[in-house]
Amino acid sequence: MDYNKLAELLFPHITKAPEDYETLYPERNLPAGAKVTRLGPSPTGFIHLGNLYGAFVDERLAHQSGGLFYLRIEDTDDKRQVEGAVEAIISSLEFFGVTFDEGASMEGDRGNYGPYYQSLRAEIYQTYVKQLVQGGHAYPCFCTEEELNAIREEQERLKENPGYYGRWAKHRNLTLEEIQNRLEQKLPFVVRLRSQGTHDGPEEDIRTISVEDGIRGTLTMPENNQDVVLLKANGIPTYHFAHVVDDHLMRTTHVVRGAEWLPSLPIHVELFRTMGWPLPIYCHTAQLMKMEDGNKRKLSKRKDPELSLDYYRSEGYHPRAVREYLLTILNSNYEEWRLENPDAAQEDFEFTVEKMSNSGTLFDLDKLNDISKDVLVRISAAELCDFLIDWAKKYRPELVELFVGREDYLTKILDLGRQGEKPRKDFTHARQMFEFISYFYDDYFKIEDAYPENVSEEDRKTILSAYLESYDHSDDQSQWFDKIREIAAVNGYAAKPKDYKKNPELYKGHVGDVSTVIRISLMGRAMSPDIWEIQQILGEEKTKERIKKVL
RNA sequence: GACCCGUUGGUCAAGUGGUCAAGACGUCGCCCUCUCACGGCGGAAUCAGGGGUUCGACUCCCCUACGGGUUACCA
């Protein structure tokens with residue numbers, strides 16, 4: 001077989017040679033040890049926590065080593081393109097603090113290794129496929145879908161491994177004339193790898209490959225023997241081939257991807273070897289899982305909209321909190337480090353792939369919320385105020401007029417009880433924050449909780465009028481509370497809870513019940529931060545007004 | 001089915017032959033306390049099972065079970 005002739009037959013329009021691309025995309029000029037990583041999303045526009053989790057690894061590895069992180073759009077599947085998807089991906093990731101140094105961006109491609117959309121790189125891939133054909137490492141396959149199905153059915157019947165390989169690869173040894181003939185008939189074809197892997201021999205003949213995974217250590221698996229499709233009928237490569245060509249030409253040093261790629265690793269290894277290129281370091285990350293019907297399951301785009309990044313954004317989780325959470329499940333020693341360095345920047349943590357877990361991790365909302373509390377308590381009230389407003393603008397526009405123009409008021413509210421050694425940690429995310437403080441705004445204030453049962457309606461009125469009468473807005477906190485104790489005592493309630501506990505039969509209740517009456521009248525709820533502080537923010541007028549309203 | 005990866009409390013996990021098997025979240029109890037938080041103290045709760053190897057296995061090997069993933073002209 002004259003492979004050169006075959007190559008010309010298949011790719012008459014390809015005039016460039018692989019060397020042209022090698023010189024066009026030279027080795028990157030980076031300091032020793034610098035890592036080059038990439039994110040390669042397919043543009044469905046949907047991006048979830050799991051993607052962000054992986055993106056952090058890329059980002060950290062690159063930026064920690066003085067390397068570079070780029071965005072490549074893997075749009076080789078024309079069936080799943082979504083309008084505006086790339087913008088959505090970029091903005092989602094940016095919101096959560098993941099930024100790229102190179103590649104696809106809002107303003108078009110940046111960098112010298114483009115184009116960064118795989119659909120625009122057809123000529124490059126074809127050049128390399130042509131080279132493979134010339135070397136006898138690839139061949140055209142004209143099998144139709146029906147033929148492929150028939151092969152699979154037969155394999156199932158014989159209980160043999162499915163796929164296009166060995167003696168099942170019917171077009172592997174077509175003669176030049178046969179190929180020429182089909183080409184003349186304009187039959188569509190794909191180009192397949194002529195795998196060097198063992199095919200039909202006895203099992204002990206199957207060779208294995210060994211690969212050092214950055215996260216998992218040495219991986220040993222059977223070598224590839226599938227004549228995988230390199231180029232689809234439309235001239236666009238499959239993921240496998242695009243990955244190999246792009247990561248070589250874009251000089252990627254570390255390929256971070258989900259564990260679902262593990263089974264196709266032998267294919268990639270064979271491709272790199274037949275191309276004569278060095279293998280990048282693969283880092284196969286654990287999957288983020290979800291519990292369903294008592295079983296763990298990989299996160300799915302279709303089934304788990306609540307795990308999309310947009311969901312967390314719309315709930316108002318602070319990006320720093322989401323990052324912090326992801327970092328704690330990403331590196332087992334992060335949490336410990338954080339305990340020792342509560343104020344350090346996330347970037348100061350030395351992230352290592354070795355410390356990554358390789359079994360699937362269940363997403364834990366309780367943990368996120370807990371972490372979020374600690375993150376938010378370290379953010380100034382003024383910044384929290386801006387954050388809440390930004391969130392409202394996007395997700396709760398009706399609240400904006402409440403906040404804007406009254407930022408001082410909001411800031412005071414958000415800062416409530418956060419001073420001192422043991423600041424309150426009330427906030428987890430923006431939506432919850434607003435619910436928590438909503439009683440400060442008349443439109444959202446309403447009596448939600450029931451008054452204590454041991455306080456009669458009559459006592460309630462007596463308590464509240466006494467409170468109103470004795471109220472002095474300039475009282476300090478202890479003066480204020482002394483008055484409450486007095487009201488309690490006068491009306492038959494213990495001034496101290498301990499007294500009540502000792503002799504419950506002597507009292508109708510204790511000062512806590514009296515406070516609760518006031519609290520509910522003022523806040524509408526039985527649970528809230530300190531009443532006195534709230535009154536100071538609410539102001540004298542509004543405080544009195546709310547008490548009068550329930551008298 | 002085949003192949004691959006995995007398996008320490010409810011969850012995230014430390015651990016690399018000798019530990020009373022860390023820690024965090026959650027949960028329960030107590031303390032603090034005018035409520036709720038915050039904080040403090042304490043409790044319950046884990047090495048999937050079976051064989052080896054070894055003086056000694058959570059740690060090494062094998063088998064089984066279970067879970068997950070892959071098996072496309074999707075990525």
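Basis for what follows: all heavy atoms, side chains included, without hydrogens, waters or symmetry-related copies. Below, chains carry the letters A, B, ... as their sequence lines are ordered, and counting in each starts from 1. None of the values given here were measured: they were computed from a predicted structure.
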Pairs of donor and acceptor atoms involving the side chains of residues 508-531 of chain A, under 3.5 Å and at least two apart or interchain, shall be tabulated with distances.
from      : atom 1 : to        : atom 2 : distance (Å)
Lys508(A) : NZ     : Asp459(A) : OD1    : 3.4
Lys508(A) : NZ     : Asp459(A) : OD2    : 2.8
Lys508(A) : NZ     : Asn491(A) : O      : 3.1
His510(A) : ND1    : Gly512(A) : N      : 2.9
Asp513(A) : OD2    : Asn454(A) : ND2    : 2.9
Asp513(A) : OD2    : His510(A) : N      : 3.0
Ser515(A) : OG     : Val511(A) : O      : 3.2
Thr516(A) : OG1    : Gly512(A) : O      : 2.7
Arg519(A) : NE     : Ser528(A) : OG     : 2.9
Ser521(A) : OG     : Tyr451(A) : OH     : 3.1
Ser521(A) : OG     : Val517(A) : O      : 2.7
Arg525(A) : NH2    : Glu435(A) : O      : 2.7
Arg525(A) : NH2    : Phe436(A) : O      : 2.7
Asp530(A) : OD1    : Gln477(A) : NE2    : 3.0
Asp530(A) : OD2    : Gln477(A) : NE2    : 2.9
Asp530(A) : OD2    : Trp532(A) : N      : 3.1
Asp530(A) : OD2    : Glu533(A) : N      : 3.0

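- Distance from the side chain of Leu339(A) is smallest for rG23(B) among the nucleotides rA75(B), rG23(B), rC34(B).
- Residue contacts for Trp480(A): at a heavy-atom cut-off of 4.0 Å it reaches a base atom on one of the strands shown.
- Among the protein residues, Thr220(A) comes within range of the sugar-phosphate backbone only, with heavy atoms under 4.0 Å from sugar or phosphate atoms but none that close to a base.
- With rC4(B), rA75(B), rC73(B) as the candidates, the nucleotide lying closest to the side chain of Met221(A) is rC4(B).
- Of the candidates rC5(B), rC34(B), rC74(B), rC34(B) carries the atom nearest the Phe481(A) side chain, counting heavy atoms from C-beta on.
- Which of rC34(B), rU70(B), rU71(B) sits closest to the side chain of Arg519(A) comes down to rC34(B).
- Here rA37(B) presents its C1' atom at 19 Å from CH2 of Trp532(A), a figure rounded to the nearest Å.
- The two residues Ile89(A) and Ser42(A) make their nearest non-hydrogen contact at CD1-O, 4.2 Å.
- Under the 30°/60° scheme for interplanar angles, the aromatic rings of Tyr239(A) and Trp261(A) are found to lie parallel.
- Contacts of Asp343(A) classified as side chain to side chain donor-acceptor pair (under 3.5 Å), with partners at least two apart in sequence or in another chain: Arg378(A).
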Original post:
Would Tyr128(A) and Phe11(A) satisfy ring pair (Phe, Tyr, Trp, His ring centres under 6.0 Å), going step by step from the backbone distance to the final call?
Top reply: CA-CA 11 Å; Tyr128(A) 283 97; Phe11(A) 302 103; over 10 Å; no
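- Checked against side chain to side chain donor-acceptor pair (under 3.5 Å), Arg485(A) has no partners two or more places apart in sequence or in another chain.
- The stretch residues 412-427 of chain A comes close to RNA chain B through Lys422(A), Pro423(A), Arg424(A), Lys425(A), Asp426(A), each having a heavy atom under 4.0 Å from the strand.
- In this structure Tyr439(A) satisfies the side chain to side chain donor-acceptor pair (under 3.5 Å) test with no other residue, sequence neighbours excluded.
- Taking the six-membered ring for Trp and thresholds of 30 and 60 degrees, Phe142(A) and His171(A) have ring planes inclined between 30 and 60 degrees apart.
- Rounded to the nearest Å, the gap between the P atom of rC47(B) and that of rA2(B) is 31 Å.
- With distances taken from any side-chain atom of Arg485(A) to the nucleotides rC34(B), rU70(B), rC12(B), the minimum falls on rC34(B).
- Arg525(A) comes within contact range of no nucleotide atom at all, as no heavy-atom separation falls under 4.0 Å.
- Taking the six-membered ring for Trp and thresholds of 30 and 60 degrees, His268(A) and His243(A) have ring planes more than 60 degrees apart, a perpendicular arrangement.
- The base of rC34(B) is paired with the side chain of Asp530(A) by a donor and an acceptor separated by under 3.5 Å.
- Minimum atom distance to the side chain of Lys501(A) is reached by rU33(B), of the listed rC73(B), rU71(B), rU33(B).
- Note on ring orientation: taking the six-membered ring where Trp is involved, the planes of Phe349(A) and Phe351(A) are perpendicular (angle over 60°, cut-offs 30° and 60°).
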Close N/O contacts between protein and nucleotides 25-27 of chain B (under 3.5 Å):
from    : atom 1 : to        : atom 2 : distance (Å)
rC25(B) : O4'    : Lys367(A) : NZ     : 3.4

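- Of the two residues near RNA chain B, Leu231(A) and Asn161(A), the one whose nearest nucleotide lies more 5' is Asn161(A).
- Side-chain polar atoms of Asp246(A) and Tyr125(A) form a donor-acceptor pair below 3.5 angstrom.
- Using a 4.0 Å heavy-atom criterion, one finds that Pro497(A) contacts the sugar-phosphate atoms exclusively.
- Relative to the side chain of Met527(A), the nucleotides rA75(B), rU35(B), rC3(B) differ in distance, and rU35(B) lies closest.
- In this structure, Val229(A) reaches the sugar-phosphate backbone alone: every heavy-atom distance under 4.0 Å involves primed, P, OP1 or OP2 atoms, never a base.
- One atom, CG of Asp227(A), and another, C1' of rU71(B), lie 16 Å apart when rounded to the nearest Å.
- Here Thr328(A) lies out of heavy-atom contact (under 4.0 Å) with every strand.
- The separation between Asp475(A) atom CG and rC34(B) atom P is 18 Å, rounded to whole Å.
- Here Lys232(A) reaches the OP1 or OP2 of rC74(B): one of its side-chain N or O atoms lies under 4.0 Å away.
- Listed by first then second residue, pairs satisfying salt bridge (Lys or Arg N to Asp or Glu O under 4.0 Å) with a partner in residues 144-153 of chain A read Glu147(A)-Lys170(A), not counting sequence neighbours.
- Every salt bridge (charged side-chain N to carboxylate O under 4.0 Å, His left out) that Asp415(A) has, sequence neighbours left out, goes to Arg418(A).
- Take Arg216(A) and apply the salt bridge (charged side-chain N to carboxylate O under 4.0 Å, His left out) test, not counting sequence neighbours, and it matches no residue.
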Distances under 3.5 Å between nitrogen or oxygen atoms of protein and nucleotides 13-15 of chain B:
from    : atom 1 : to        : atom 2 : distance (Å)
rA13(B) : OP1    : Ser357(A) : OG     : 3.2
rA13(B) : OP1    : Thr361(A) : OG1    : 2.7
rA14(B) : OP1    : Ser332(A) : OG     : 3.1
rG15(B) : OP1    : Lys355(A) : NZ     : 3.2

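- The CD1 atom of Ile371(A) sits 6.0 Å away from the CD atom of Glu335(A) when rounded to the nearest 0.5 Å.
- Residue Pro529(A) is the one, among Pro529(A) and Cys143(A), whose nearest nucleotide of RNA chain B lies closer to the 5' end (criterion: closest heavy atom).
- Separating the OH atom of Tyr239(A) from the P atom of rU71(B) is a distance of 12 Å, rounded to the nearest angstrom.
- Taking a pair as Watson-Crick or G-U with both hydrogen-bonding distances under 3.5 Å, the stems of three or more pairs touching RNA chain B are B:1-7 with B:65-71, B:10-12 with B:23-25, B:27-31 with B:39-43, B:48-52 with B:60-64.
- For the side chain to side chain donor-acceptor pair (under 3.5 Å) test, residues two or more places apart in sequence or in another chain that qualify with Ser478(A) are Asp476(A).
- Side chain of Ser42(A), nearest nucleotide from rU33(B), rA24(B), rA75(B): rA75(B).
- In this structure, NE2 of His240(A) is placed 12 Å from P of rU70(B), rounded to the nearest angstrom.
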